[in-house]
Amino acid sequence: MTQTITDGLNTPQQTAVTAGPGPVLVLAGPGSGKTRVLTHRIAYLVEALHVSPWHIMAVTFTNKAAREMKARVESLLGGQLRGLTIGTFHATCARILRQEAEHLNGYTRDFVIFDTDDQRRAVRQALADLNLDEKKFAPNRMLNGISTAKNELITADMYAGNNYIAEVTRRVYVRYQEILVANNAMDFDDLLLATVLLLDARPGVLQKYQERYEHVLVDEFQDTNTAQYALLTRLVARHGNIFAVGDSDQSIYKWRGADFRNINRFRQHFPEASVVLLEENYRSTQVILDAAKAVIRLNGDRVDKDLFTRRRGGELIVVQEAYDEREEADKVVAAVQQLMLQGYSGGDCAVMYRTNAQSRVLEDAFLRAGMPYKLVGATRFYGRREIKDLVAYLRVVHNPADRISFDRIINTPTRGIGSKTQESLYAWAAAHEWQPAQALLYLVSQPELSHPFPGRVLTPLTRLGNLLLAWVTVREAASISELFDLIVEQTQFKEYILDGTEEGEERWENVMELRNVAVLAGDMSLSDFLEQVTLVSDVDDLTEEDNAPTLLTLHAAKGLEFPVVFITGLEEGVLPHSRSLDEPEELAEERRLFYVGLTRAKDRVYLLNAFRRTFFGLAEYSTPSRFLGDIPARLTSGGGSSGQRREQTVTQASSWQWTPTRPERAQPAQRNSSSTNHRPAPPPAGGTKPAAPTPKADSPKAAQYRTGQQVKHAKFGEGIVIESKSTGSDEEVTIAFKSVGIKKLAASFANLTVLEK
DNA sequence: GGATCTCATGTTTTT
DNA sequence: CATGAGATCC
């Protein structure tokens, strides 16, 4: 049994897999098979030590890593892992919190998870509540302070306001947290923080999980922050069976609170831990590994590993300078094309950059060459407006207390609930201590309720209230996709999205993609669905079968490998990023980032920099990154001005088939053909019409303009009246202007001069 | 009340 | 440049 599990592992890997009991720390260099070790360790626990999967927890940082690990363990064990807990820190915490919701102050198990966008709205709400100017106190900055605090396990009432800005942050933090609770919502950081607080406050709960999770395994341990570290140490305090895998040289999330010193902390905390070093790299050639080692060695304050590979020699690293970012992108494309002539496939190549903004030029270059590509990150699918809007609908149906989501949808698509109506609704709701959506539900379900809304305002409110009520009513019985379709149809979302522009088409496709996700969810609970939607990231959706180069940030590249890696923007201020230049610690992190990029490569590396780069629309000259100079010259070729490597430039390969872009997603489902252009019926005017206000003496009388009249407008110039109709108190005139085309104007505002009858 | 325009304003990396 | 928020116009 043990035989098969450790088969094909090298000696240190075997040592790690079979180590213990007790704490184990695996220091794993890039490409040294750490995922193998983790998966085999789980298999070993189950098969050899007969640990029930139910007693095992494995945490990762991305859903993708979790899925991969699960699949690999399954194939090792043949699917006997019922009850195994495997997931990201955030997802695992969310599960625990829902399970233990009764112990959470102010939350139900249905709590929603706020993403960055929701957080920003909540912070702005907090600022508004406190009468603070968001110009002076940037929401992002506030949010940053709050997030940092939470990652350090500092709650709002512990927060020290020991200077002016800190005191403001403290107050915003307090208010922000109140808003979250009122919305039955947690942000990402809360998931970790609340779990730790829960375990500290409830010894019974702590004991329960300590007993359940006899073995805890952690991937990417160098990326843990204080909260995550605390969570782990609490969980394993009883038995000490923690198996942590990490590499401090690949720590790139300091800005998110990660602290690779947790590795040292681990050794102090568990002095008896077995420490295993994985130093054999199975991925890269000697050339690439040597370059990477030369780069990382220049970071102080680290324990040098002695990485080695059996892949002697290898292609030299190609260093190229381009005139500007556009030429840089063209060079990447040309090199990819040449590699493809040599037998590489597009999917073998990855193009990496420091900031997402750099992807645009690269996309352009691939588009111009007629080549498909995969883009990771950038505008996240779930960050798109139309997607967030629809998800907000689902969230409100799921949790009417979610005011942040309700704010999104109250007048989207526009339904005649403007800011004044909103204000009075909110005021009325607040007076009853309801959230607005709850108020609407009461409004339509309890007709005897007294309210301050005049008929004109009441109509759209009632309509929305009735819709909400209907959705809330069917939500138990309906599947997510049925609910989704109902919402889309009853809000006329399609008509709202398809505004005739090309962009509208694209947005509608996104909606249909979301529908696919909903269909795939089957009979998953709405709660699970919403959680999944909030916790997934685009990296998770990277598919491998599409045969196109991948464009991604260096951060997103961690954990991946490619035969060919391009790293672009190797310039001072870009690859060591400008914001890191004066902090040695941050500079060290930039170096690690570069190291991570280099070590993704199996066979070939291309490093590019541009002599001139445009920031914010203005061009600046830049100097090559210091990191380039840190690679020994014997490992590189090229390395010079843009003219030097002409032979690299290949005449455009002509055999390219155009695959539509956005290959990272499944094709949208077939269109809904049913709803052809049915305009919403005009709302019934609610019984007795309010008497039309009599026009003021000097306001235009009805039917002042006639079809065919020539008129003049102060701004639009001369035009001809096409149509004019009375709208009660005013007159709506449709005019074809010579200069600007057809416009609809309100006669009382338009200030038209009649030129000819 | 809503659409459209202008202006400002800001970019690291993401669960 | 690209998005978003306030002002203006209809």
Side-chain angles (χ1 to χ4, degrees), chain A residues 59-66 87-94 113-116 119-120 124 134-135 138-141 144 147 151 187-192 220 223-225 227-228 252-258 352-358 360-361 376-380 382-383 385 411 413-422 456-457 460 499 531 534-540 552-558 569 573-580 586 589-590 592-593 596 614-618 713-716 727 730-735 740 743-752:
Chain A
V59 280
T60 62
F61 278 80
T62 65
N63 294 299
K64 182 177 190 252
T88 61
F89 272 99
H90 296 269
T92 307
C93 286
I113 299 166
F114 272 10
D115 68 11
T116 318
Q119 286 180 289
R120 230 185 53 231
R124 298 181 59 194
E134 61 176 65
K135 294 255 161 65
N140 280 335
R141 189 168 166 200
N144 229 350
S147 175
N151 287 330
D187 63 23
F188 288 128
D189 305 315
D190 280 336
L191 295 174
L192 307 171
E220 308 278 16
D223 285 333
T224 51
N225 61 33
Q228 287 158 334
I252 53 175
Y253 287 103
K254 181 178 188 288
W255 51 275
R256 210 165 81 186
M352 302 176 188
Y353 35 82
R354 178 64 234 263
T355 67
N356 274 310
Q358 292 168 251
R360 185 157 240 108
V361 227
V376 178
T379 18
R380 307 156 63 85
Y382 288 104
R385 213 179 65 211
N411 203 29
T414 51
R415 51 169 69 89
I417 305 180
S419 52
K420 280 180 204 155
T421 311
Q422 281 181 37
R456 236 194 90 190
V457 169
D499 53 2
E531 177 168 321
T534 314
L535 291 180
V536 295
S537 75
D538 271 335
V539 197
D540 296 329
L552 75 181
T553 64
L554 288 159
H555 281 88
K558 193 168 77 161
V574 178
L575 193 29
H577 194 272
S578 52
R579 302 260 285 240
S580 72
E586 297 194 6
E589 179 140 319
E590 298 290 307
R592 291 194 292 270
L593 200 48
V596 165
T614 309
F615 298 98
F616 288 99
L618 41 109
H713 182 269
K715 187 164 166 219
F716 299 136
T727 58
D730 204 339
E731 189 180 354
E732 186 186 74
V733 200
T734 311
I735 303 168
V740 293
K743 294 270 175 200
K744 267 192 185 145
L745 310 177
S748 61
F749 289 105
N751 229 341
L752 296 166

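Letters A, B, ... mirror the listed sequences (proteins, then strands); counts begin at 1. Quick caveat: nothing in here was measured; it's all calculated off a predicted structure.
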Item to check | From B/dT14, B/dT13, B/dG1, nucleotide with atom closest to A/Arg256 side chain | outcome: B/dT14
Item to check | Partner residues of A/Arg120 under the salt bridge (charged side-chain N to carboxylate O under 4.0 Å, His left out) criterion, sequence neighbours left out | outcome: A/Asp117
Next on the checklist: In whole Å, I'd like the distance from the CD atom of A/Glu531 to the P atom of B/dT15.
Outcome noted: 15 Å
Checklist entry - Which part of the nucleic acid, if any, lies within contact of A/Asn140, taking any heavy atom under 4.0 Å across all strands shown: a base, the sugar-phosphate backbone alone, or nothing? => result sugar-phosphate
Checklist entry - Which heavy-atom pair separates A/Val596 from A/Leu554 by the least distance, and what is that distance? => result CG1-O, 4.3 Å
Item to check | Short side-chain N/O contact to B/dT14 OP1/OP2 from A/Thr116, under 4.0 Å | outcome: no
Next on the checklist: For B/dT14 and A/Asn356 - does any side-chain N or O of the residue sit under 4.0 Å from the phosphate oxygens OP1/OP2?
Outcome noted: yes
Checklist entry - Please give, in whole Å, the distance from B/dT15 C1' to A/Lys64 NZ? => result 16 Å
Checklist entry - Nearest to the side chain of A/Asn411 - B/dG2, B/dG1, B/dT14? => result B/dG2
Next on the checklist: If I take atom CG in residue A/Asn63 and atom P in nucleotide B/dT15, what distance separates them, rounded to the nearest angstrom?
Outcome noted: 8 Å
Next on the checklist: The criterion is salt bridge (charged side-chain N to carboxylate O under 4.0 Å, His left out); which residues satisfy it with A/Arg256, sequence neighbours excluded?
Outcome noted: none
Next on the checklist: For A/Ser580 and A/Leu192, find the nucleotide of DNA chain B closest to each by heavy atoms; which residue's nucleotide sits nearer the 5' end?
Outcome noted: A/Ser580
Next on the checklist: Considering every strand and a 4.0 Å limit on heavy-atom distances, what is the contact class for A/Phe188: base, sugar-phosphate, or nothing?
Outcome noted: base
Next on the checklist: Are B/dT13 and A/Trp255 stacked, with the base six-membered ring and the side-chain ring centres under 5.5 Å apart and planes under 30°?
Outcome noted: yes
Item to check | Shortest non-hydrogen contact between A/Thr88 and A/Thr62, atoms and distance | outcome: CG2-C, 3.3 Å
Checklist entry - Is it true that A/His90 and A/Phe61 have ring centroids separated by less than 6.0 Å? => result no
Checklist entry - Over how many whole Å does the gap from A/Arg456 atom CZ to B/dG1 atom P extend? => result 6 Å
Checklist outcome for this item: By side chain to side chain contact (heavy atoms under 4.5 Å, CB included), A/Thr421 pairs with (sequence neighbours left out) A/Ile417, A/Val457, A/Leu461
Next on the checklist: If I take atom CD1 in residue A/Ile252 and atom P in nucleotide B/dT15, what distance separates them, rounded to the nearest angstrom?
Outcome noted: 11 Å
Short N/O separations, protein against nucleotides 6-8 of chain B, under 3.5 angstrom:
none

Checklist entry - Got a sec, which residues hit salt bridge (charged side-chain N to carboxylate O under 4.0 Å, His left out) with A/Asp189, two or more places apart in sequence or on another chain? => result none
Checklist entry - When the P atoms of B/dT13 and C/dG4 are considered, how many whole Å apart are they? => result 15 Å
Item to check | Test item: A/Asn356 and A/Thr553 side chains (from C-beta on) under 4.5 Å apart, heavy atoms | outcome: yes
Next on the checklist: Without decimals, in angstroms, what is the distance between A/Asp223 CG and B/dT14 P?
Outcome noted: 13 Å
Item to check | Nearest heavy atoms of A/Asp223 and A/Ala258, plus distance in Å | outcome: O-CB, 3.2 Å
Checklist outcome for this item: From CG of A/Asn225 across to C1' of B/dT13 the rounded distance in Å is 15 Å
Item to check | Minimum-distance nucleotide to A/Thr414 side chain [options: B/dA3, B/dT15, B/dT14] | outcome: B/dA3
Item to check | Integer-rounded Å distance: B/dG2 C1' and A/Arg415 CZ | outcome: 15 Å
Item to check | Heavy-atom pair of closest approach, residues A/Gly257 and A/Asn151 | outcome: CA-ND2, 4.4 Å
Write down the protein N/O and nucleotide N/O pairs, taken from nucleotides 2-4 of chain C, whose separation is under 3.5 Å; answer none if there are no such pairs.
none

Next on the checklist: Please classify the nucleic acid contact of A/Ser578 as base, sugar-phosphate, or nothing, using heavy-atom distances under 4.0 Å.
Outcome noted: nothing
